[in-house]
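Note that ligands are numbered from 1 as they come in the structure, with each ligand's atoms numbered from 1 the same way.
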Amino acid sequence: MSTKRVVIAALALVFLAAPLFGQTSVSAKLAPTPPMGWNSWNKLACNVSEGVIKQMADAMVASGMKDAGYQYVVIDDCWQVSRDAHGEIVADPQRFPSGIKALADYVHSLGLKFGIYSDAGSKTCEGRPGGLGHEYQDALLYAAWGVDYLKYDWCNTTTQDAKASYANIRAALDAAGRPIVLSICEWGTAKPWLWGKEVGGNLWRTTGDIKDQWEGKIKWDDGSCCGYGVVNILDMQVGLESFAGPGHWNDPDMLEVGNGGMTDLEYRSHFSLWAILAAPLMAGNDLRSMRPEIRDILTNKEVIAINQDSLGSQGKRVSKDGDREVWAKQLKDGSRAVIFLNRGPAEQSMIVTWEEIGYPEHLSATVRDLWQHKDLAKTTGTFGATVPSHGVVMVTARP
Ligand code: GLA
């Protein structure tokens with residue numbers, strides 16, 4: 001081969017192989033800030049139907065969640081029952097009599113986006129048909145239905161390679177021609193933060209499933225192991241901050257806010273921490289019957305603004321002294337969001353130094369409380385506050 005031909009062949013290879021080695025052009029434009037929405041699993045598990053999903057979408061609008069930035073309505077496991085003679089996946093005809101396309105159309109008519117769930121293996125975690133061997137066929141169908149977001153689970157994958165499996169579904173989605181957010185649900189086993197962006201994932205779970213509890217590694221009702229409490233999941237996020245950014249986020253699992261297993265104060269802490277982690281904010285409670293206190297947590301626009309800050313920097317733990325932790329996140333305008341977290345059983349006073357949040361000591365900054373919605377002080381060098389047990393104080397420091 002002539003040199004010219006070798007160069008052309010090499011260039012062609014680079015272009016053809018590009019999607020395999022870099023974030024694909026489709027995926028890179030999706031989820032510039034952490035996705036916000038609602039997912040059926042934490043509240044409904046397999047009790048999904050078109051009626052209930054429509055009601056949740058309606059409630060997302062009526063409750064002010066849509067105005068606060070929530071966008072995706074995602075049906076998790078159990079919408080699917082079989083494959084037909086052509087291998088097409090079939091939605092449960094009893095629970096979704098109008099079909100998934102009609103439901104997606106309804107969600108879109110409210111100005112919201114529509115998401116669905118499948119699995120990289122032969123079966124989903126609830127034993128429904130998985131995507132293995134049907135990736136391109138399923139992607140075409142999802143695109144035709146108007147799917148905007150696909151959560152792809154990892155049950156029943158036997159010896160499959162995680163990175164290759166997720167690269168495959170991303171390629172299938174891209175080939176189907178509709179921009180679809182890819183939510184990698186691999187539970188952190190194969191360290192998806194190391195390859196999730198490269199294969200065009202827009203978010204990836206970093207841990208096993210969350211449980212509606214403050215603390216602990218807890219067996220599920222059927223005796224299988226285990227769900228994790230909020231602070232246990234939090235501990236597993238330490239050190240992952242450099243892997244997140246616009247279009248590709250660490251996912252410490254969906255929100256349990258409002259599901260009844262924690263106090264309102266603990267839910268406020270859970271929400272604040274997920275916000276500062278730049279985590280996807282996928283509500284998982286019954287939006288139709290939220291108490292005002294729960295709605296006020298989920299729609300706190302000042303806290304959501306920290307999560308959705310366009311710099312896309314994930315907050316990190318900047319100090320830990322026993323049960324007292326300080327978390328901080330840099331914002332686009334140069335200010336910092338700071339959380340004092342008290343994991344202990346009694347009220348404690350806490351302090352952060354400017355050095356810990358990357359400010360020179362002499363800098364004067366206005367500190368604003370994001371739950372009290374008021375400016376607290378103009379201060380130099382440090383800021384301190386008293387924090388209740390299992391509570392947070394969340395502020396911004398603006399020079
Ligand atoms: C796994 C996932 C959960 C949920 C269930 C559905 O456990 O991690 O988030 O999707 O499967 O079966």
Among His390, Glu266, His270, Glu256, find the one that has a side chain to side chain donor-acceptor pair (under 3.5 Å) with Trp214.
-> His390
Which one holds for Cys78 and ligand 1: side chain close, backbone close, both close, or neither close, with close meaning a heavy atom under 4.0 Å?
-> neither
Taking the side chain as C-beta and beyond, is there a heavy-atom pair between Arg368 and Arg398 under 4.5 Å?
-> no
If you count the atoms of ligand 1 from 1 in the order shown, which ones are under 4.0 Å from a heavy atom of Trp187?
-> 2 (C), 8 (O)
Glu347 side chain to Thr386 side chain, donor-acceptor N/O pair below 3.5 angstrom = no
Any N/O of Arg205 closer than 3.5 Å to an N/O of ligand 1?
-> yes
Atom 7 (O) of ligand 1: the protein heavy-atom neighbour that sits closest, reported with distance to 0.1 Å = Asp209 OD2, 2.7 Å
Atom 5 (C) of ligand 1: closest protein heavy atom, distance to 0.1 Å, is Trp41 CE2, 3.6 Å
Which atoms of ligand 1 have any heavy atom of Cys125 under 4.0 Å away?
-> 1 (C), 11 (O), 12 (O)
What atoms of ligand 1 come closer than 4.0 angstrom to any heavy atom of Cys185?
-> 2 (C), 8 (O)
Ligand 1 to Glu126, heavy atom cutoff 4.0 Å, flagged ligand atoms 12 (O)
Nearest 0.5 Å please: distance from the CH2 atom of Trp354 over to the CD atom of Glu361.
-> 11.0 Å
Mind checking whether Lys151 has an N or O less than 3.5 Å away from an N or O of ligand 1?
-> yes
Considering only the protein, which heavy-atom contact is closest to atom 12 (O) of ligand 1, and what is its distance?
-> Asp77 OD2, 2.8 Å
Report yes if the side chains of Met282 and Tyr149 come closer than 4.5 Å at any heavy-atom pair, otherwise no.
-> yes
Any Thr124 heavy atom less than 4.0 Å from ligand 1 | no
Just checking, is any N or O donor in the side chain of Trp371 or Ser272 under 3.5 Å from an acceptor N or O on the other one?
-> yes
Quick one: look up the protein heavy atom nearest atom 4 (C) of ligand 1 and list residue, atom name and how far away it is.
-> Asp76 OD1, 3.5 Å
So between Asp153, Val74, Ile210, whose heavy atom ends up nearest atom 1 (C) of ligand 1?
-> Asp153
4.0 Å heavy-atom contact, Trp154 with ligand 1 = no
So, for Pro192 and Gly188, which heavy atoms are closest and what is the spacing to 0.1 Å?
-> CD-CA, 3.5 Å
Give a yes or no answer on whether the side chain of Tyr267 reaches the backbone of Met262 with a donor-acceptor pair at less than 3.5 Å.
-> yes
Side chain Asp119, main chain Cys155, donor-acceptor under 3.5 Å = yes
